[in-house]
K.L.:
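What follows is a structure written as structure tokens; I'll ask about it next.
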Amino acid sequence: MPKYISDKYEAYKAECNQRFDQLKANEEELNRIFIDIYGLQDELTPDVADRDVTVHRVYDTKDDVPESMKGSNYVRTKRDEIVSLISYAVGCMFGRYSLDAEGLAYAGGDWDDSRYSTFIPVGDNIIPICDDDYFQNEATALFIRWVQAAYGSDTLEENLRFVADALEGKGAPRDVIRSYFLNDFYKDHCKTYQKRPIYWLFDSGKKDGFKALIYMHRYQSDLLARMRTDYVHELQERYRSQLAAVAEALEHRSAGEKARLVKRQKKLQDQSLEIQKFEEKIHHLADMNISIDLDDGVKHNYALFSDVLAKIK
């Protein structure tokens with residue numbers, strides 16, 4: 001039977017809203033009993049305001065949220081649910097979660113390969129985030145493979161479209177998902193974990209020259225050296241190759257095509273310069289072979305790499 005994310009979402013929304021309605025009804029019934037016992041009919045009402053019910057209610061969009069629920073801390077939208085799904089998928093990419101096991105699959109200690117069969121986590125604890133298909137284990141490509149593993153190949157396109165629509169982006173589904181990873185995933189992650197992220201974003205800067213996620217519980221002292229060699233250097237070479245291809249293309253294209261190529265050339269030049277500066281910083285830190293102690297907490301450990309990690313806002 002085909003598996004659709006939309007069906008899972010609708011079922012979850014119905015479950016949340018039924019739980020909300022039931023809790024509200026229970027609270028109002030208790031209020032009526034209390035009022036009857038103490039004869040407070042003229043002073044109190046049994047009614048409970050929707051915004052005061054302490055379980056989530058789910059709406060498709062923010063525009064669907066009624067006045068009675070505005071201001072509540074328990075309003076969630078389709079986008080919120082898809083953001084949570086993507087966060088879970090990233091957890092599976094790192095091995096924190098597994099499609100074959102309930103709850104946490106790995107949060108430190110001994111790694112167990114046998115816990116993963118439906119979807120295999122990345123082996124090196126590095127997930128690059130790129131604006132193009134530079135790596136096989138780039139975040140967007142991994143997410144697509146995760147959706148395929150979790151929901152099947154026959155519904156892949158419909159599921160990617162549902163995810164993209166929920167993220168409220170513009171363009172083809174894969175482009176919307178790529179944009180989300182580049183621009184919004186880490187902000188949502190830091191918000192979810194109250195500025196104590198468990199996935200860390202190595203970030204060269206505003207030009208998106210280099211971005212990569214790691215899972216702090218799998219950090220090892222040689223990680224930065226591997227990131228520098230296997231990803232930063234590789235991406236620098238990709239930029240050089242693309243700049244050479246653009247320069248050659250500019251000699252043989254029409255004026256209209258040249259304008260597009262010049263824009264592409266400027267972007268690649270900016271990214272190349274940014275990643276060059278980033279490489280110098282990560283080289284310095286890689287040579288230090290830094291170890292971390294998870295007991296020291298996120299704030300302390302994150303600060304050790306502050307020159308190359310995204311700022312937490």
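What's counted below: heavy atoms across the whole structure, side chains too, no hydrogens, waters or symmetry copies. One-based numbering along the sequence shown. Note that the coordinates shown come from a computational prediction; the quantities given were computed from them, not determined experimentally.
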K.L.:
Tell me if the centroids of the rings in W111 and Y116 come within less than 6.0 Å of each other.
P.N.:
yes
K.L.:
Quick check: closest heavy atoms across R145 and N137, and the distance to 0.1 Å?
P.N.:
NH2-CA, 4.2 Å
K.L.:
Would you call K211-E138 a salt bridge at under 4.0 Å N-O?
P.N.:
no
K.L.:
Looking at T229 and A225, would you say the former's side chain and the latter's main chain have a donor-acceptor pair under 3.5 Å?
P.N.:
yes
K.L.:
Salt bridge check: are E29 and R32 linked by an N-O gap of less than 4.0 Å?
P.N.:
yes
K.L.:
Is the distance between the ring centroids of Y215 and Y219 less than 6.0 Å?
P.N.:
no
K.L.:
Rounded to the nearest 0.5 Å, what separation is found between the CD1 atom of I127 and the OH atom of Y199?
P.N.:
8.5 Å
K.L.:
For the backbone of I198 and the side chain of H189, can you confirm whether one donor and one acceptor N or O come within less than 3.5 Å of each other?
P.N.:
yes
K.L.:
Answer yes or no: is there a donor N or O on one side and an acceptor on the other, between the side chain of N31 and the main chain of P46, under 3.5 Å?
P.N.:
yes
K.L.:
Under a 4.5 Å cut-off applied to non-hydrogen side-chain atoms, are Q271 and D131 in contact?
P.N.:
yes
K.L.:
For D293, is there any backbone N or O sitting under 3.5 Å from a side-chain donor or acceptor partner on N301?
P.N.:
yes
K.L.:
Hey, does K78 have a side-chain heavy atom less than 4.5 Å from the side chain of T61?
P.N.:
no
K.L.:
State plainly whether one hydrophobic cluster holds both I214 and M288, where clusters connect Ile, Leu, Val, Met, Phe, Trp and Tyr through side-chain heavy atoms under 4.5 angstrom apart.
P.N.:
yes
K.L.:
Are R238 and D132 within salt-bridge range, i.e. N to O under 4.0 Å?
P.N.:
no
K.L.:
Does a side chain donor of either Q22 or N26 reach within less than 3.5 Å of an acceptor in the other side chain?
P.N.:
yes
K.L.:
Let me see the working for D36 and Q41 under side chain to side chain contact (heavy atoms under 4.5 Å, CB included), right down to the final yes or no.
P.N.:
CA-CA 7 Å; D36 288 344; Q41 289 85 352; 3.2 Å; yes
K.L.:
Do N125 and Q220 have side-chain N/O donor and acceptor atoms under 3.5 Å apart?
P.N.:
no
K.L.:
Consider only side-chain heavy atoms of I, L, V, M, F, W and Y, link residues closer than 4.5 Å, and tell whether V58 and V65 are in one cluster.
P.N.:
no
K.L.:
Does the side chain to side chain contact (heavy atoms under 4.5 Å, CB included) test come out yes or no for D124 and V122, once each step is laid out?
P.N.:
CA-CA 6 Å; D124 60 6; V122 293; 4.2 Å; yes
K.L.:
Between E279 and H233, is the side chain to side chain contact (heavy atoms under 4.5 Å, CB included) condition met? List the steps.
P.N.:
CA-CA 8 Å; E279 194 277 340; H233 287 174; 3.1 Å; yes
K.L.:
Indicate yes or no: does D230 engage R226 in a salt bridge with an N to O separation below 4.0 Å.
P.N.:
no
K.L.:
Is any side-chain heavy atom of Y134 less than 4.5 Å from a side-chain heavy atom of E234?
P.N.:
no
K.L.:
Which atoms form the tightest heavy-atom contact between P2 and T155, and what is the distance?
P.N.:
CB-CG2, 3.7 Å
K.L.:
Are D60 and Y9 close enough that a side-chain donor and a side-chain acceptor fall under 3.5 Å?
P.N.:
yes
K.L.:
Is there a salt bridge (charged side-chain N to carboxylate O under 4.0 Å, His left out) between D21 and R57? Walk through the geometry before answering.
P.N.:
CA-CA 9 Å; D21 292 338; R57 188 154 198 161; 3.1 Å; yes
K.L.:
Does atom CD of E248 have more than 12 heavy-atom neighbours, drawn from other residues, nucleotides or ligands, at distances under 6.0 Å?
P.N.:
no
K.L.:
Of all the heavy-atom pairs spanning A212 and I126, show the shortest one and how long it is.
P.N.:
CB-CG2, 4.1 Å
K.L.:
Is the closest basic N to carboxylate O distance between R115 and D100 below 4.0 Å?
P.N.:
no
K.L.:
Using modelled atom types and a 3.5 Å cut-off, is there a donor and acceptor pairing between side-chain atoms of R228 and backbone atoms of V232?
P.N.:
no
K.L.:
Nearest 0.5 Å, what's the CH2-CG distance between W146 and L85?
P.N.:
4.0 Å
K.L.:
Any heavy-atom pair between the side chains of R218 and Y106 that's under 4.5 Å?
P.N.:
yes
K.L.:
For the rings on Y4 and Y151, is their centre-to-centre separation under 6.0 Å?
P.N.:
no
K.L.:
Under a 4.5 Å side-chain heavy-atom rule over Ile, Leu, Val, Met, Phe, Trp and Tyr, are Y74 and L23 clustered together?
P.N.:
no
K.L.:
Any carboxylate oxygen within less than 4.0 angstrom of a Lys/Arg side-chain nitrogen, looking at R178 and D133?
P.N.:
yes
K.L.:
With salt bridge (charged side-chain N to carboxylate O under 4.0 Å, His left out) as the criterion, how do K266 and D270 come out once you've worked through the C-alpha distance, each side chain's angles and the decisive distance to 0.1 Å?
P.N.:
CA-CA 6 Å; K266 178 64 168 61; D270 289 344; 2.7 Å; yes
K.L.:
Do NZ/NE/NH1/NH2 and the carboxylate oxygens of E257 and R260 come within less than 4.0 Å?
P.N.:
no
K.L.:
Looking only at heavy atoms, what is the nearest atom pair of M227 and I282, with distance?
P.N.:
SD-CD1, 3.6 Å
K.L.:
Linking I/L/V/M/F/W/Y whenever any side-chain heavy atoms sit under 4.5 Å apart, do F202 and L273 land together?
P.N.:
no
K.L.:
Between Q148 and N159, is there a side-chain donor-acceptor contact under 3.5 Å, judged purely by atom types and distance?
P.N.:
no
K.L.:
Is the backbone of L268 close enough, under 3.5 Å, to the side chain of S272 for a donor and an acceptor to pair up by distance?
P.N.:
no
K.L.:
One thing to verify: whether R79 and D188 come together as a salt bridge, which I'm taking to mean a side-chain N less than 4.0 angstrom from a carboxylate O.
P.N.:
yes
K.L.:
How far apart are the closest heavy atoms of A105 and G95, and which atoms are they?
P.N.:
CB-O, 3.7 Å
K.L.:
Checking E274 side chain against K206 main chain: does a donor-acceptor pair fall under 3.5 Å?
P.N.:
yes
K.L.:
Between E67 and K70, is the closest basic N to carboxylate O distance under 4.0 Å?
P.N.:
yes
K.L.:
Go through it in stages, so that I can follow the logic: the residues are E157 and R161, the test is salt bridge (charged side-chain N to carboxylate O under 4.0 Å, His left out), and I'd like the CA-CA distance, side-chain angles, deciding distance and then a yes or no.
P.N.:
CA-CA 6 Å; E157 298 306 319; R161 190 175 304 112; 5.4 Å; no
K.L.:
Closer than 4.0 angstrom, basic N to acidic O: yes or no for E280 and K277?
P.N.:
no
K.L.:
List the atom of V298, the atom of P197, and the distance in Å for their closest heavy-atom pair.
P.N.:
CG1-O, 3.4 Å
K.L.:
Please lay out, stage by stage, how I129 and Y186 fare under the test side chain to side chain contact (heavy atoms under 4.5 Å, CB included).
P.N.:
CA-CA 11 Å; I129 301 176; Y186 204 61; over 6 Å; no
K.L.:
With N73, which residues qualify under side chain to side chain contact (heavy atoms under 4.5 Å, CB included), at least two apart?
P.N.:
none
K.L.:
Look only at the side chain of N183 and the backbone of S179, and say whether a donor-acceptor pair between them is shorter than 3.5 Å.
P.N.:
yes
K.L.:
With side chains defined as the heavy atoms from C-beta onward, is the minimum distance between L104 and Y97 less than 4.5 Å?
P.N.:
yes
K.L.:
Are Y231 and F135 close enough that their ring centers fall under 6.0 Å?
P.N.:
yes
K.L.:
Y88 and V163: same hydrophobic cluster, using ILVMFWY side-chain contacts below 4.5 Å?
P.N.:
yes
K.L.:
Does a side-chain N-to-carboxylate-O contact under 4.0 Å join D184 and K187?
P.N.:
yes
